[in-house]
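Working notes, structure below.
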Amino acid sequence: MADLDALIDALPKAELHLHLEGSLEPEQLMEFAARNGVDIPFRTLDEVRAAYSFSNLQDFLDIYYQGMSVLQTEADFHDLTDAYLQRVAADNVRHVEVFFDPQGHTGRGLPFEVPINGILKALDAAEEKYGITYRLIMCFLRHLPEDEAFETWKQAEPWLDRIHGIGLDSSEMGHPPSKFARIYEAARERGLKLVAHAGEEGPPAYVWEAVDGLKVDRIDHGNRSLEDEALVARIRDAGLTLTVCPLSNLSLCVVDDLKDHPMKRMLELGLKATVNSDDPAYFGGYVNQNFRETARAVGLTREHVITLAKNSFTGSFLSPDQQREHLAEIDRIAASH
Ligand SMILES: [Zn+2]
């Protein structure tokens with residue numbers, strides 16, 4: 001096990017499913033609230049930590065949106081993003097494709113440019129500072145109406161050459177991908193990459209909609225695809241990557257026990273699964289922690305771990321040349337471990 005942990009630490013990895021707002025650690029929440037004079041219902045760090053332990057999706061979303069309220073300035077978004085990059089650099093993450101939720105900020109009165117300028121400033125500095133490249137993905141909150149997504153799309157117009165893709169997040173049940181078919185078409189016409197959360201809590205039918213209706217380039221989560229053999233075949237044949245988040249699945253009771261996590265089954269079915277942290281400040285760990293705990297719980301082998309690291313690059317939106325460089329390095333590191 002120690003050998004496998006050392007291999008996990010040493011392998012270069014990409015993270016493809018990460019909500020920047022979900023990397024807000026309790027310490028930062030207190031710090032940003034203090035410097036911005038934002039009232040929060042917590043007096044001590046222990047009280048924030050207690051609020052960070054929830055038992056279901058709605059409790060999580062409540063604290064997640066409350067956490068956002070302390071993010072007020074470009075500097076806050078910069079510092080949040082930079083802190084995340086610094087943490088994952090220590091995990092040997094070399095490339096990130098990160099989500100942000102503009103509607104979580106414009107909905108409480110911040111101009112669109114505040115989050116994106118702060119985030120981009122940190123991401124643009126990351127290659128020199130941490131050796132990390134990036135893609136930025138703008139997510140729409142699916143519990144809100146389609147016309148509000150279009151309003152956000154309009155606000156994003158001046159930044160569309162800096163935004164690489166769009167995504168869909170927040171409460172899945174009752175908000176099928178088809179609700180956003182038109183905005184996905186608009187983004188596709190602009191040449192943006194398309195991803196969507198599907199099959200985390202929602203049924204296989206939602207994943208079908210994401211694949212055939214939205215024509216996504218990648219599926220976020222996708223766990224419940226395994227309930228439908230034809231869907232598994234469709235995803236495999238299309239070579240679509242699944243950005244799977246084991247510790248998130250455990251926190252939100254998508255699985256009752258990490259031992260029941262489908263990660264190994266996904267790989268054995270020939271699906272291109274990857275390991276990601278989703279909202280690491282809330283779900284108990286960054287990328288390597290997700291690798292380690294999953295490997296232990298479901299019995300991943302050395303080969304599985306190497307495949308997962310490779311999938312994180314081949315499933316990324318890096319160019320084929322850039323992907324090849326990372327894959328060659330994975331082979332070199334694996335050979336020396
Ligand atoms: Zn997510």
Side-chain angles (χ1 to χ4, degrees), residues 14-25 52 54 56-65 67-68 80-81 84 87-88 93 96-105 115 119 134-144 149 164-177 180 184 193-202 206-207 210 214 216-225 240-255 261-263 266 273-287 289-291 294 311-312 315-317:
E15 176 150 54
L16 307 180
H17 186 150
L18 179 283
H19 303 268
L20 285 170
E21 294 89 343
S23 71
L24 182 72
E25 293 286 343
Y52 270 45
F54 37 80
N56 61 54
L57 181 61
Q58 200 50 56
D59 282 357
F60 160 66
L61 287 173
D62 288 348
I63 177 70
Y64 179 69
Y65 291 120
M68 281 189 196
L80 175 76
T81 306
Y84 160 70
R87 281 186 211 104
V88 295
V93 169
V96 297
E97 305 200 343
V98 292
F99 303 132
F100 78 118
D101 285 325
Q103 289 164 295
H105 313 301
I119 289 167
Y134 77 90
R135 298 285 185 271
L136 180 61
I137 298 172
M138 171 172 76
C139 286
F140 298 108
L141 298 179
R142 69 201 305 159
H143 66 274
L144 298 177
H164 304 91
I166 62 161
L168 198 57
D169 62 6
S170 188
S171 326
E172 186 180 6
M173 293 306 279
H175 303 286
F180 296 91
Y184 271 71
K193 295 291 186 185
L194 311 176
V195 303
H197 285 51
E200 178 188 18
E201 288 194 325
Y206 283 19
V207 184
L214 304 187
V216 292
D217 297 292
R218 196 161 70 204
I219 298 162
D220 296 317
H221 294 296
N223 299 43
R224 292 195 59 193
S225 311
L240 288 171
T241 294
L242 305 179
T243 66
V244 185
C245 307
L247 291 180
S248 161
N249 293 159
L250 184 63
S251 286
L252 298 179
C253 302
V254 172
V255 291
H261 196 278
M263 181 62 82
M266 287 170 167
T274 58
V275 176
N276 307 271
S277 68
D278 206 1
D279 300 285
Y282 296 92
F283 297 149
Y286 289 79
V287 179
Q289 186 79 14
N290 272 272
F291 264 93
T294 310
N311 287 352
S312 75
S316 77
F317 298 136

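Source: prediction; values computed, not measured. Counting convention: from 1, in listed order, for ligands and their atoms alike.
At a cut-off of 2.8 Å, H197 is counted among the residues with an N, O or S atom near the Zn ion (ligand 1). Within the coordination shell of the Zn ion (ligand 1), defined by N, O or S atoms under 2.8 Å, E200 is absent. In summary, H17 places an N/O/S atom under 2.8 Å from the Zn ion (ligand 1), meeting the contact criterion.
Within the 4.5 Å cutoff, no side-chain heavy atoms of V98 are placed close to those of I137.
Using the six-membered ring where Trp is involved, H175 and H143 have ring planes that are perpendicular, over 60° apart on the 30 and 60° scheme. Taking the six-membered ring where the residue is Trp, H19 and H197 present tilted rings, their angle falling between 30° and 60°.
When each of D62, L61, L252 is checked for a side chain to side chain contact (heavy atoms under 4.5 Å, CB included) with F54, only L252 meets the rule.
The atom name of the N/O/S atom in D278 closest to the Zn ion (ligand 1) is OD1.
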